[in-house]
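Each remark here refers to the structure printed beneath this line.
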Number of protein chains: 2
Amino acid sequence: MSSGNPETRARILDAAWHLLEAADGREVRMGDIAKRAGVSRQAVYLHFPKRAELLIATTRHIDRAKGVDARLAASRNAGSGVERLDAFVEAWGNYIPEIHGVGRALMAMREHDPDAKTAWDDRMQAVRQGCEAAIRALAADGDLTDAFSPAEATDLLWTMLSVRAWEALRTDCGWSQRAYVDGMKAAARRLLVARDGRSG
Amino acid sequence: MSSGNPETRARILDAAWHLLEAADGREVRMGDIAKRAGVSRQAVYLHFPKRAELLIATTRHIDRAKGVDARLAASRNAGSGVERLDAFVEAWGNYIPEIHGVGRALMAMREHDPDAKTAWDDRMQAVRQGCEAAIRALAADGDLTDAFSPAEATDLLWTMLSVRAWEALRTDCGWSQRAYVDGMKAAARRLLVARDGRSG
DNA sequence: TTGCCGCTTGACACAGTGTAAACTCCACCC
DNA sequence: GGGTGGAGTTTACACTGTGTCAAGCGGCAA
């Protein structure tokens, strides 16, 4: 795929990952990543010609290290549609903080870098598929509200579970991660489940 | 407040406004604004020393031109809490597209410019107050769900009505503005209103 | 020994923001 | 008429960060 020693490549990806994770608002430059990886700035460009490529590769690196696929797959094994919705909200909701650092950087590039935009949009499309599947399971059980069409319900769930919404609730509103996951579960049920035995 | 001819200042603000409104993803540079205003780039800096200041002034300029205050005030006169919630969602939801151009630019600067961050956060705090007031009215009528505390309900409503969520639904999901407003009204009621006579 | 691979060093182009200084134009005021 | 100051213009430049280019260097393998 790309030139250079795979070990160096991995060191760069690790450096990018951890810097972005720790960067609380601060910019992470190519030079910072190089320094942290113990490599020259040009070496970084040898492995990743564009900043966007490095960021994209970093998300994949994290996915591999954290095993997203396995985690999201778990939500597919839930019994009922409602349980599946809960499981999906929990799985994805708890994955957001893991990729948030890179996500931030990638979202910021989205505006002026078409590659970054495509890469991030692709990832979000994958999340959307998860939402769609959860809604389908709900509908199959006859538990989907008739207030929204399945497509609308998918859109709403996907928007609710966006990284931006997570940022707003966690950072601006000061919710804990636990509160976020529980709150989103409750909100998703209220919003999308038909007969939920809700009283008020 | 600032030096220079108020007319020139207004021309610059108008230029910024219309360029940002029309800029669909494209960057709007200080030079672009100057050119459109029929003025030198340096003249822009004479009126607005920093890009962030220009953007902030532009939002205020739009507010004045579009009369937000009046529009939002209308939602305060609604009879019941539920009506007030509807009115607020409608008023703010229909205002988002008006400021979206500048909003985008300001949100993009938020990351590395503290002034831009403060300015945008202040604006969003104002929206939050509106959410809070709507929730309070709902609670006063005894119509607020007991699934969430008033604070949580405010946070959820505020997040739902964020510019990012609007972008997601309108741009990524292809909702029309009408569909957005109606969808948000329905979602807000489902999520927050206790006895809404909902069937499914 | 030769040759390549992986990396380093150092220089540079480019864009966009922001600063600085000198100069023009005009209106106003004595 | 002559002086003054405000508003804007022109030109030039510093700075930051991305991305490119070219030369060089150490180690390893044929």
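Throughout, protein chains are lettered first and strands after them, A, B, ... in sequence-line order, and every chain is numbered starting at 1.
For B/K66, the salt bridge (charged side-chain N to carboxylate O under 4.0 Å, His left out) test picks out B/E98, with sequence neighbours left out. Partners of B/E53 under the salt bridge (charged side-chain N to carboxylate O under 4.0 Å, His left out) rule, at least two apart in sequence or in another chain, do not exist in this structure.
Counting only N and O atoms by type, the side chains of A/W158 and A/Q125 include no donor and acceptor under 3.5 Å apart. A donor-acceptor contact closer than 3.5 angstrom links the side chains of B/D63 and B/Y95.
If you take CZ of A/R9 and C1' of C/dC7, they are 16 Å apart, rounded to a whole angstrom. Rounded to whole Å, atom P of C/dC26 lies 15 Å from atom CG of B/N5.
Residues A/I135 and A/P150 approach most closely at CG2-O, 3.8 Å, considering heavy atoms.
A sub-4.0 Å separation between OP1 or OP2 of D/dG8 and a side-chain N or O of B/T8 is present. Close to D/dG8, at under 4.0 Å from its OP1 or OP2, lies a side-chain N or O of B/H47.
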Protein-to-nucleotide contact annotation, 5' to 3' order, nucleotides 12-30 of chain D [B base; S sugar-phosphate only; - none; under 4.0 Å, heavy atom]: B----SBBBB---------

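Summarising the geometry, atom CG belonging to A/N5 is positioned 11.5 Å from atom CG belonging to A/L46; distances are rounded to the nearest 0.5 Å.
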